[in-house]
Amino acid sequence: MTRTAYPSDLTDGEWKVLELLVPSAKPGGRPRSVDMREVLNGVFYILRSGCAWRLMPHDLPKWKTVYDYFRAWRLEGVWEQLNQSLREQLRLKVGRNAQPSAGVLDSQSVKTTEVGGLRGYDGGKKVKGRRRHVLVDTQGLLLKVKVQAGNVSDREGGKVLLLALTGLFARLTHLFVDGGYKGKWVEWVKETLDWTALVVQHPYAGRSGFWLPEGQELTPEQLATLKGHRTFQALPRRWVVERTLAWICRSRRHSKDYEHLPETSEAFIYAAMIRLMLTRLAKPKL
């Protein structure tokens with residue numbers, strides 16, 4: 001690479017991890033002449049900066065070329081496949097089984113723009129746009145994402161996401177969820193998938209106040225002095241998916257949902273996690 005590198009570019013170590021996973025050129029037609037590392041650098045530049053495709057710098061490949069590869073890989077499911085391969089490698093690197101046995105489910109409401117497409121109003125968050133339904137493992141690595149209209153509830157969106165997991169995760173049998181999924185949804189998970197689901201809720205819901213270390217309980221005297229306030233704790237496993245959503249939103253492309261198609265939003269979310277995992281995999285194991 002002869003140009004000056006952008007912060008979003010793949011390093012030599014990261015490209016070494018990813019290069020073997022990049023799909024080969026299809027047989028027939030003109031031979032592939034474009035540098036695939038530079039094509040991916042273009043995708044990661046769009047992802048990290050949040051700029052429009054046509055504003056891609058001229059020292060990267062032409063924006064139409066980069067977009068064509070991004071779109072083709074979305075249609076062929078390549079982004080999800082890359083996410084899966086890198087996730088399994090990273091789980092093995094940290095000493096875990098390649099396949100998870102438990103997951104954490106949550107959603108995030110985001111505004112959309114004037115580009116149109118699927119959207120709805122989330123009355124709870126007071127957001128007009130879309131909802132990202134995200135399932136991660138207990139390390140916070142993305143297992144599956146479904147982007148739906150903002151008026152699709154956590155429970156209904158969760159059902160759509162879980163039904164799309166058929167045949168993907170043989171060991172997955174348990175879920176951690178928040179209060180938005182309680183009630184009959186837990187029964188549905190048991191009856192439909194034969195999985196268990198634990199609803200993790202704050203023990204002092206309805207109060208607001210100060211931080212309390214995890215595992216420490218309040219005495220009756222302390223509770224009496226709160227006067228309508230609550231304490232803040234890191235709840236079991238729920239924080240894992242919240243951290244993943246924060247990782248995803250480091251990329252400015254995810255500050256809003258700029259895409260016309262929800263499938264494009266999903267592909268960019270997989271790309272964001274791919275970029276994060278490449279950084280971790282390229283680091284030497286301590």
Side-chain angles (χ1 to χ4, degrees), residues 5-11 14-15 18 22 36-84 86-87 106-120 122 125 127-136 140-150 241-280:
Y6 294 103
S8 57
D9 283 352
L10 294 168
T11 65
E14 291 165 351
W15 174 240
L18 187 57
V22 173
M36 291 306 299
R37 179 175 178 177
E38 285 289 77
V39 168
L40 286 162
N41 283 337
V43 172
F44 294 138
Y45 182 92
I46 293 291
L47 176 68
R48 181 71 179 273
S49 68
C51 74
W53 287 102
R54 288 172 175 80
L55 297 181
M56 184 179 296
H58 296 300
D59 52 358
L60 287 168
K62 294 181 179 179
W63 74 265
K64 290 185 178 180
T65 301
V66 178
Y67 174 77
D68 283 346
Y69 272 101
F70 175 83
R71 179 177 180 275
W73 285 11
R74 170 180 66 80
L75 294 173
E76 296 167 6
V78 173
W79 293 111
E80 185 172 359
Q81 294 166 14
L82 292 176
N83 176 80
Q84 176 184 342
L86 296 175
R87 182 188 65 243
D106 203 356
S107 69
Q108 178 189 51
S109 296
V110 291
K111 295 180 179 179
T112 49
T113 64
E114 78 287 349
V115 297
L118 183 70
R119 67 181 66 192
D122 180 353
K125 300 293 179 63
V127 171
K128 183 177 181 181
R130 292 175 181 166
R131 191 175 293 195
R132 298 164 179 162
H133 300 270
V134 176
L135 178 68
V136 303
L141 305 178
L142 184 63
L143 301 179
K144 190 75 173 179
V145 60
K146 282 291 183 183
V147 176
Q148 299 187 355
V241 67
E242 299 291 350
R243 182 184 61 180
T244 301
L245 292 170
W247 288 341
I248 292 170
C249 289
R250 288 177 183 173
S251 301
R252 291 193 175 186
R253 190 76 179 192
H254 294 309
S255 61
K256 288 185 179 180
D257 195 320
Y258 295 94
E259 317 308 329
H260 183 77
L261 297 175
E263 293 81 5
T264 304
S265 302
E266 294 167 7
F268 268 122
I269 291 173
Y270 285 123
M273 290 301 299
I274 288 168
R275 191 68 190 84
L276 181 145
M277 290 188 290
L278 284 171
T279 301
R280 296 187 181 182

>> For D257 and K111: C-alpha separation, side-chain torsions, deciding distance, then whether side-chain contact (heavy atoms from CB on, under 4.5 Å) applies.
In response: CA-CA 6 Å; D257 195 320; K111 295 180 179 179; over 6 Å; no

>> Is there a side-chain contact (heavy atoms from CB on, under 4.5 Å) between C51 and Y45? Walk through the geometry before answering.
In response: CA-CA 8 Å; C51 74; Y45 182 92; 3.8 Å; yes

>> Please determine whether side-chain contact (heavy atoms from CB on, under 4.5 Å) holds for the pair V43 and Y67, giving the CA-CA distance in whole Å, both sets of side-chain angles, and the decisive distance to 0.1 Å.
In response: CA-CA 8 Å; V43 172; Y67 174 77; over 6 Å; no

> Does the side-chain contact (heavy atoms from CB on, under 4.5 Å) test come out yes or no for K144 and Y270, once each step is laid out?
Replying inline: CA-CA 9 Å; K144 190 75 173 179; Y270 285 123; 3.6 Å; yes

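Between K125 and S109 the shortest heavy-atom distance is CG-OG, 4.0 Å. The heavy-atom pair separating D106 from E242 by the smallest distance is OD2-OE2, 2.8 Å. A pairwise comparison of heavy atoms in L118 and V147 identifies CD2-O, 4.4 Å as the closest pair. Between L47 and S251, the closest heavy-atom pair is O-CB, 3.4 Å. When all heavy atoms of L40 and W79 are compared, the closest pair comes out as CD2-CH2, 3.8 Å. Shortest non-hydrogen contact noted between S265 and H254 is O-CE1, 4.2 Å.
Seen from the ring of W247, R280 counts as a face-on cation partner, given the 6.0 Å and 45° thresholds.
E14 and R275 are joined by a salt bridge, as a carboxylate oxygen and a charged side-chain nitrogen come within less than 4.0 angstrom of each other. A salt bridge links D122 with R131; the closest basic N to acidic carboxylate O contact falls under 4.0 Å.
Looking at N41, its side chain never comes within 3.5 Å of a backbone N or O of S8 through a donor-acceptor pair. Judged by distance alone, the side chain of T244 and the main-chain N or O of G140 form a donor-acceptor pair under 3.5 Å. Counting only distance, with no hydrogens or angles, the side chain of R87 and the backbone of L142 share a donor-acceptor pair below 3.5 Å. A donor-acceptor contact shorter than 3.5 Å is absent between the side chain of R132 and the backbone of V145.
Other residues, nucleotides and ligands place no more than 12 heavy atoms under 6.0 Å from the CZ atom of R252.
Looking only at side-chain heavy atoms (C-beta outward), I46 and V66 stay at 4.5 Å or farther from each other. Counting heavy atoms from C-beta outward, L135 and V241 have side chains that stay 4.5 Å or more apart. The side-chain heavy atoms of T65 and Y69, taken from C-beta on, include a pair separated by under 4.5 Å. R37 places none of its side-chain heavy atoms less than 4.5 Å from the side chain of D9. Under the 4.5 Å side-chain criterion, counting only non-hydrogen atoms from C-beta, K128 is in contact with R119. Between T113 and K256, the closest side-chain pair of non-hydrogen atoms falls below 4.5 Å. Side-chain atoms of T112 and Y258, non-hydrogen and from C-beta on, never get closer than 4.5 Å to each other. Residues F70 and W53 have side chains in contact (heavy-atom distance under 4.5 Å, counting atoms from C-beta outward).
One finds the CZ atom of R48 at 14.0 Å from the OH atom of Y6 (value rounded to the nearest 0.5 Å). Once rounded to the nearest 0.5 Å, the distance linking CG of L82 with CG of L18 reads 6.0 Å.
Under the side chain to side chain donor-acceptor pair (under 3.5 Å) criterion, E266 pairs with no residue, sequence neighbours left out.
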